[in-house]
Amino acid sequence: MAEKDYFASLEPVLAQELERFHCPSLALGVIRKGEILFSGGFGQADREKGLPAGSKTLYQIGSSSKAFTAALCAILVDEGKLSWDQPVREIAPEIRFYDVFTSDNVTLRDLLCHRTGVPRHEYSWYGNDFTRAELVEHVRYLEPNHPFRSIMQYNNYGYVLAGALIEKVTGLTWEACLEKYLFGPLGMTRTTAWLDDIEGDPDHAAPYGSLKEGMTEPPLIPFYRTSVEDKEKGIGAPFGPAGSINSCPEDMLKWLRFHLGDGTWEGKKILSPEALNELHKPAMLMTEPLDMPMDESTFHTYALGWFVEMYRGHKVVHHGGNINGFSAEVFMVPDLELGLVALTNADSCFLHLPLIRTIVDHYLEIEDGDWFRRYLEFTEKMTGSAQEIIRAMSGDQVAGTALSHPLEAYTGEYERAGYGPCSVKAEDGKLLLHILGVDIPLTHFHYDMLTTEGIVGELPPGIPVRFQTADKGGGIDALTMPLVPNGELIRFVKKEQKE
């Protein structure tokens, strides 16, 4: 089948799948052996404006940005300004971890392959307005849950710290380094790390949330923005190096062509072959994939800014991304010289993933793995699993119990080093938890445990909030919430109220 005919055959398929996955649009780019096979879009990038998705339409790529940060590090390693295995403290002694051993020994490679022993602590930055410098300082307050270098735990902080190292050794912002070392040389003229740029561009995808009960279409939602960002002052997104780049298929195909090459671009060296290989070389084994489990994929590892695994006997290098209203996947099969990028504008949408594997199967000349059906069923199963996890966090409810104190005893401000504060107030006979910028009603579960009625960040309703009684005096002095993967509790201590 001719390339043109193959991609034309995807149009009716995607028209159906966009509806089944509740996704407004998808933008796709495919390159093989240096030739662009497809660059375009499907569906409406902005339903309200009637804007169709196209090859130049800007989407946020979320954590697919990590490969750009890793590439900047590789360039600086080539220049002798950074080293993969030099202790970070020798360059930036202000970077400290919770324990002395990790602080003394952590390297750039450790940061980039997620093996610091620190879990995600996602809600210590998400929904807060800390500056990038404050996030760097807060790492010292974030407890590990595994020994250093013992396990791969995906963690955005490693890339925030890598961004700080880039800025320190260059004297430039991370955003300026992207322009100088990557976007400019590769001709990625529509790619940017500034939220103002995507919002101000007439050809950009609008962000849409998840389909909720009673809705027929996913709702339009705002871009994720913190109050500290200011392009005019050169202040980017605090978490920028971990996930704030905006791009389109046309530009991302240049990025893929570069990675499928030898480190040069149009005859000019960007990276040494050795440094490029380092980015794609497995650095840490994973205990399980972050993607849908499948028999076709084995040997799951993380390299530097990329996941690396075997898919149907072929090495594949890829990375996804999710941020409010957008999901992305960048995927390479080096021995086929095949690169793909798929971008969607819906919260936690999985449509791009089965599309990528369907196209890869086509070029492997094997029968399609029925990916759209399998991913749709996986999505539905995940929704049910999330509720099961929440129920497991709460445990069995004990009937006939009551709060141990009057409502006013639970009210006040609660704080925890490395996290933003939260507060509790009483209103109309109920307690309200204010966290991540929103008020969440609390429902009594049993004893001094309540559960959230609304969504906390990206967490579903039903999160347990446990209030604790002080050892002395008997008052309420703390609350805990499971804000770390695997249900580990984060403890917020109640501030003393001044008379």
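Predicted model, so just to flag it, every value in this text is computed and none were measured.
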Asks: Measure up the Y375 and W371 rings against each other and bin them: parallel (under 30°), tilted (30 to 60°), perpendicular (over 60°).
Replies: tilted

Asks: Would you find more than 12 non-hydrogen atoms of other residues, nucleotides or ligands less than 6.0 Å from Q16 atom CD?
Replies: yes

Asks: Ignoring hydrogens, what is the shortest heavy-atom contact between W174 and G240? Give both atom names and the distance.
Replies: CH2-O, 3.1 Å

Asks: Under the side chain to side chain donor-acceptor pair (under 3.5 Å) rule, what do N322 and S348 come out as? Steps first, then yes or no, please.
Replies: CA-CA 6 Å; N322 291 285; S348 303; 4.9 Å; no

Asks: For the backbone of H319 and the side chain of S64, can you confirm whether one donor and one acceptor N or O come within less than 3.5 Å of each other?
Replies: yes

Asks: Looking at P354, is its backbone amide N or carbonyl O close enough to the side chain of T358 to form a donor-acceptor pair, meaning the two atoms are under 3.5 Å apart?
Replies: yes

Asks: Within the 4.5 Å heavy-atom criterion, are L450 and F467 side-chain neighbours or not?
Replies: yes

Asks: Without swapping roles, check the side chain of K231 against the backbone of L195 for a donor-acceptor pair under 3.5 Å.
Replies: no

Asks: Can you tell me how far CG of L479 sits from CD1 of I435, rounded to the nearest 0.5 angstrom?
Replies: 8.0 Å

Asks: Using 30° and 60° as the class boundaries, would you call the ring planes of F7 and Y363 parallel, tilted or perpendicular?
Replies: tilted

Asks: Residues in side-chain contact (heavy atoms from CB on, under 4.5 Å) with A478, at least two apart?
Replies: Q468, R491

Asks: Tell me which one of W306, F148, Y302 satisfies ring pair (Phe, Tyr, Trp, His ring centres under 6.0 Å) with H114.
Replies: Y302

Asks: Who are the side-chain contact (heavy atoms from CB on, under 4.5 Å) partners of T452, not counting sequence neighbours?
Replies: I440, L442, V456, I463, V465

Asks: Please check: side-chain N/O of E17 versus main-chain N/O of L14, any donor-acceptor pairing under 3.5 Å?
Replies: no

Asks: According to salt bridge (charged side-chain N to carboxylate O under 4.0 Å, His left out), does anything in residues 349-358 pair up with another residue at least two apart or in another chain? List the pairs.
Replies: D291-R357, E309-R357

Asks: Identify the residue among F239, Y157, Y224 that makes a ring pair (Phe, Tyr, Trp, His ring centres under 6.0 Å) with Y126.
Replies: Y224

Asks: Could you list the residues that satisfy side-chain hydrogen bond (donor to acceptor under 3.5 Å, both in side chains) with S65, not counting sequence neighbours?
Replies: none

Asks: Taking side-chain hydrogen bond (donor to acceptor under 3.5 Å, both in side chains) as the test, write out the residues that go with S55, two or more places apart.
Replies: none

Asks: Let me see the working for E175 and R132 under salt bridge (Lys or Arg N to Asp or Glu O under 4.0 Å), right down to the final yes or no.
Replies: CA-CA 13 Å; E175 291 82 2; R132 197 171 292 172; 2.8 Å; yes

Asks: Taking ring pair (Phe, Tyr, Trp, His ring centres under 6.0 Å) as the definition, give me every residue that meets it alongside Y414, ordered by chain and number, with sequence neighbours left out.
Replies: none

Asks: So, the side chain of N246 versus the backbone of T192: is there a donor-acceptor pair under 3.5 Å, distance only?
Replies: yes

Asks: I'd like to know whether Q153 forms a side chain to side chain donor-acceptor pair (under 3.5 Å) with N145, so could you lay out the CA-CA distance, the side-chain angles of the two residues, the decisive distance to 0.1 Å, and finally the verdict.
Replies: CA-CA 10 Å; Q153 291 190 104; N145 63 349; 2.8 Å; yes

Asks: When you measure from the side chain of N345 to the backbone N and O of Y208, does any donor-acceptor pair fall under 3.5 Å?
Replies: no

Asks: Please name the pair of heavy atoms, one in Y98 and one in L142, separated by the smallest distance, quoted to 0.1 Å.
Replies: CB-O, 3.5 Å

Asks: Kindly write out the residues that satisfy side-chain contact (heavy atoms from CB on, under 4.5 Å) with E217, not counting sequence neighbours, or none if the list is empty.
Replies: R47

Asks: I'd like to know if D251 and K56 make a salt bridge, using a cut-off of under 4.0 Å between side-chain N and carboxylate O.
Replies: no

Asks: Quick one: ring pair (Phe, Tyr, Trp, His ring centres under 6.0 Å) partners of F223, sequence neighbours excluded?
Replies: H204, F326

Asks: Is the backbone N or O of E143 less than 3.5 Å from a side-chain atom of H121, with the two atoms forming a donor-acceptor pair by type?
Replies: yes

Asks: Taking only residues two or more places apart in sequence or in another chain, which ones pass ring pair (Phe, Tyr, Trp, His ring centres under 6.0 Å) with Y311?
Replies: none

Asks: Write down the atom of P249, the atom of V341, and the distance for their closest heavy-atom approach.
Replies: CA-CG1, 4.3 Å

Asks: Apply side chain to side chain donor-acceptor pair (under 3.5 Å) to residues T443 and E453 and explain how you reach the verdict.
Replies: CA-CA 7 Å; T443 298; E453 290 183 15; 2.6 Å; yes

Asks: Under 3.5 Å, is there a donor on one side chain and an acceptor on the other for S63 and Y159?
Replies: no

Asks: Between E380 and R373, does at least one N-O distance fall below 4.0 Å, as a salt bridge requires?
Replies: no

Asks: Give the minimum heavy-atom separation between L279 and A70, together with the two atoms involved.
Replies: CD2-O, 3.5 Å

Asks: Take H259 and H280, measure what side chain to side chain donor-acceptor pair (under 3.5 Å) needs, and give me the verdict at the end.
Replies: CA-CA 9 Å; H259 274 277; H280 303 161; 2.9 Å; yes

Asks: Measure the spacing between CD of E250 and CD1 of I36 and express it to the nearest 0.5 Å.
Replies: 7.5 Å

Asks: Regarding E199 and R225, does a basic nitrogen lie under 4.0 Å from an acidic carboxylate oxygen?
Replies: yes

Asks: Report yes if some heavy atom in the side chain of L343 is under 4.5 Å from a heavy atom in the side chain of L26; otherwise report no.
Replies: no

Asks: Any heavy-atom pair between the side chains of K66 and F68 that's under 4.5 Å?
Replies: no

Asks: List the residues meeting ring pair (Phe, Tyr, Trp, His ring centres under 6.0 Å) with H318, not counting sequence neighbours, and say none if there are none.
Replies: F307, F331

Asks: For P207 and N324, which heavy atoms make the closest approach, and how far apart are they?
Replies: CB-O, 3.8 Å

Asks: Excluding sequence neighbours, so at least two apart, what forms side-chain contact (heavy atoms from CB on, under 4.5 Å) with R109?
Replies: W84, D85, T107, R115, E278, L304

Asks: Are L285 and F299 close enough, and set up right, to give a side-chain contact (heavy atoms from CB on, under 4.5 Å), and what steps lead you there?
Replies: CA-CA 8 Å; L285 281 169; F299 191 61; 3.5 Å; yes

Asks: Filter on salt bridge (charged side-chain N to carboxylate O under 4.0 Å, His left out), then keep only pairs touching residues 322-342, sequence neighbours left out; what's left?
Replies: none

Asks: Hey, are D201 and R190 close enough for a salt bridge, meaning a charged N less than 4.0 Å from a carboxylate O?
Replies: yes

